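Right, one structure below, let's go through it.
Note that this is a predicted model, so its numbers are computed, not measured.
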Amino acid sequence: MSERHLLESIARLVPPGSRVLDLGCGDGALLAHLQTTRQCSGYGVEIDDAKVHACIRRGVNVLQLNLEDGLSMFGDDAFDVVLQIDTLQHLRNAETMLRETARVGRIGIVAFPNFAHWPNRLAVLQGRMPVTRRLPYQWYDTPNIRVGTYADFEVLARSCGLTVDDSFGLQEDREVRFAPNLLASTAVFKFSN
């Protein structure tokens, strides 16, 4: 899946002119894309020094914070949209952060590697942890604290009292709406309280 396609798929879910908080914003590419194509404003949150500098070079407002400390500095509904793109699987407090995302934003959007994608299932059946383009690390050096599936997130969202407004998978530059838990390497969810 190309970075461009991921950006465009996520951007389509963000209403034009939204005030956005991008949690784990990396180098700021998504927020910069939203500023340019959707006239959005807002902030990125990132902990890595090099990525914070990359955001600044892109002209993206960024706060250097550890997401494990929560979002208490932001009020309820402070943003129209809160993004967690490839962030949730890196957090120790994933459920708490999901609830905080829903509290701070009217809309939440998450995307994460779908561990139930069929090549991953095949690798596990062969007795190995999967290593793919979407999950490129060996089991011993992965930055992912946890693995999740499309179906797992549906259950988590329901248990948190969230409404899934839209969901789909992404696979090789296309959206997957039929059997995304099996056929997509990335899960994408748009939700609200």
Side-chain angles (χ1 to χ4, degrees), residues 1-3 5-15 18 20-26 30 34 45 67-68 70-71 76-77 79-125 129-137 139 142-193:
M1 175 178 42
S2 71
E3 183 75 16
H5 186 71
L6 177 62
L7 292 178
E8 290 172 359
S9 293
I10 300 301
R12 280 195 295 276
L13 299 174
V14 178
S18 293
V20 176
L21 181 64
D22 187 356
L23 303 176
C25 68
L30 177 56
L34 292 171
V45 174
L67 291 175
E68 298 292 354
L71 300 177
D76 295 356
D77 293 328
F79 294 88
D80 299 311
V81 179
V82 177
L83 304 169
Q84 284 195 56
I85 310 306
D86 283 339
T87 303
L88 200 58
Q89 73 273 15
H90 300 287
L91 299 174
R92 293 191 192 291
N93 59 356
E95 182 179 359
T96 301
M97 188 53 62
L98 185 62
R99 291 178 190 277
E100 282 289 275
T101 295
R103 179 188 66 78
V104 169
R106 288 186 268 287
I107 297 170
I109 300 171
V110 298
F112 56 90
N114 175 29
F115 197 74
H117 187 219
W118 72 266
N120 301 338
R121 294 180 190 200
L122 182 59
V124 171
L125 282 173
M129 290 301 291
V131 177
T132 64
R133 282 186 291 173
R134 190 67 178 104
L135 294 166
Y137 303 97
W139 65 271
T142 182
N144 297 318
I145 293 174
R146 63 190 81 254
V147 294
T149 71
Y150 188 98
D152 287 332
F153 188 85
E154 290 176 318
V155 172
L156 177 59
R158 209 171 21 257
S159 75
C160 289
L162 303 175
T163 301
V164 173
D165 301 315
D166 194 6
S167 64
F168 53 90
L170 293 173
Q171 180 60 36
E172 297 196 13
D173 293 345
R174 65 181 170 82
E175 290 184 8
V176 178
R177 293 196 180 261
F178 173 76
N181 198 47
L182 180 65
L183 301 176
S185 61
T186 299
V188 180
F189 288 85
K190 177 180 179 180
F191 59 90
S192 56
N193 267 326

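- Residues meeting the side-chain hydrogen bond (donor to acceptor under 3.5 Å, both in side chains) test with Thr132, sequence neighbours left out: none.
- Scored by the ring-ring contact (aromatic ring centres under 6.0 Å, His included) test, Phe153 finds Phe112, Phe189 as partners (sequence neighbours excluded).
- With sequence neighbours left out, the side-chain hydrogen bond (donor to acceptor under 3.5 Å, both in side chains) criterion links Thr142 to Asn144.
- A donor-acceptor pair under 3.5 Å is formed between the side chain of Asn114 and the backbone N or O of Pro180.
- Shortest non-hydrogen contact noted between Cys160 and Leu98 is SG-CD2, 4.2 Å.
- In terms of heavy-atom proximity, Ala157 sits nearest to Val164 at CB-CG2, 4.0 Å.
- Note: Leu67 CG to Arg92 CZ = 13.5 Å, rounded to the nearest 0.5 Å.
- Every residue meeting the side-chain contact (heavy atoms from CB on, under 4.5 Å) condition with Ala123, not counting sequence neighbours, appears here in chain and number order: Pro130.
- A search for side-chain hydrogen bond (donor to acceptor under 3.5 Å, both in side chains) contacts involving Asp86 returns Arg134, not counting sequence neighbours.
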Pair Leu71-Met97, side-chain contact (heavy atoms from CB on, under 4.5 Å): steps then yes or no: CA-CA 8 Å; Leu71 300 177; Met97 188 53 62; 3.8 Å; yes

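- Not a single ring-ring contact (aromatic ring centres under 6.0 Å, His included) links Phe191 to another residue, sequence neighbours left out.
- Between Ile10 atom CD1 and Ile85 atom CD1 the span is 4.0 Å, to the nearest 0.5 Å.
- Residues forming a side-chain hydrogen bond (donor to acceptor under 3.5 Å, both in side chains) with Ser167 (at least two apart in sequence, or on another chain): Tyr150.
- Considering only residues two or more places apart in sequence or on other chains, Glu175 meets the side-chain contact (heavy atoms from CB on, under 4.5 Å) condition with Ser9, Arg12, Phe168, Leu170, Arg177.
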Going through the checks in order, is the side-chain contact (heavy atoms from CB on, under 4.5 Å) test met by Asn120 and Val147? CA-CA 11 Å; Asn120 301 338; Val147 294; over 6 Å; no

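- Interatomic distance, Gln171 CD to Leu182 CG, rounded to the nearest 0.5 Å: 10.5 Å.
- Distance CD/Glu8 to CG/Leu13: 12.5 Å, rounded to 0.5 Å.
- Pairs passing the side-chain hydrogen bond (donor to acceptor under 3.5 Å, both in side chains) check and including a residue from residues 97-108, sequence neighbours excluded, read Asp76-Arg103, Asp80-Arg106, Gln84-Thr101, Glu95-Arg99, Glu100-Arg103.
- Side-chain atoms of Gln89 and Pro113, non-hydrogen and from C-beta on, do get closer than 4.5 Å to each other.
- Counting heavy atoms from C-beta on, the side chains of Asn193 and Leu162 come closer than 4.5 Å.
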What do the steps show when you test Tyr137 against Met129 for side-chain contact (heavy atoms from CB on, under 4.5 Å), and what is the final call? CA-CA 10 Å; Tyr137 303 97; Met129 290 301 291; over 6 Å; no

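- Considering OG1 of Thr149 and NE2 of His117, their distance stands at 13.0 Å, rounded to 0.5 Å.
- Under the rule for a side-chain contact (heavy atoms from CB on, under 4.5 Å), the partners of Val14 that lie at least two apart in sequence or sit in another chain are Ser18, Val20, Leu34, Cys40, Val81, Leu83, Ile109.
- Screening residues 86-106 for ring-ring contact (aromatic ring centres under 6.0 Å, His included), with sequence neighbours left out, gives no hits.
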Start with the C-alpha distance between Glu68 and Leu91, add both sets of side-chain angles, then the distance that settles side-chain contact (heavy atoms from CB on, under 4.5 Å), and finish with yes or no. CA-CA 7 Å; Glu68 298 292 354; Leu91 299 174; 3.7 Å; yes

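- The side-chain contact (heavy atoms from CB on, under 4.5 Å) test applied to Ala94 returns Leu88, Arg146, not counting sequence neighbours.
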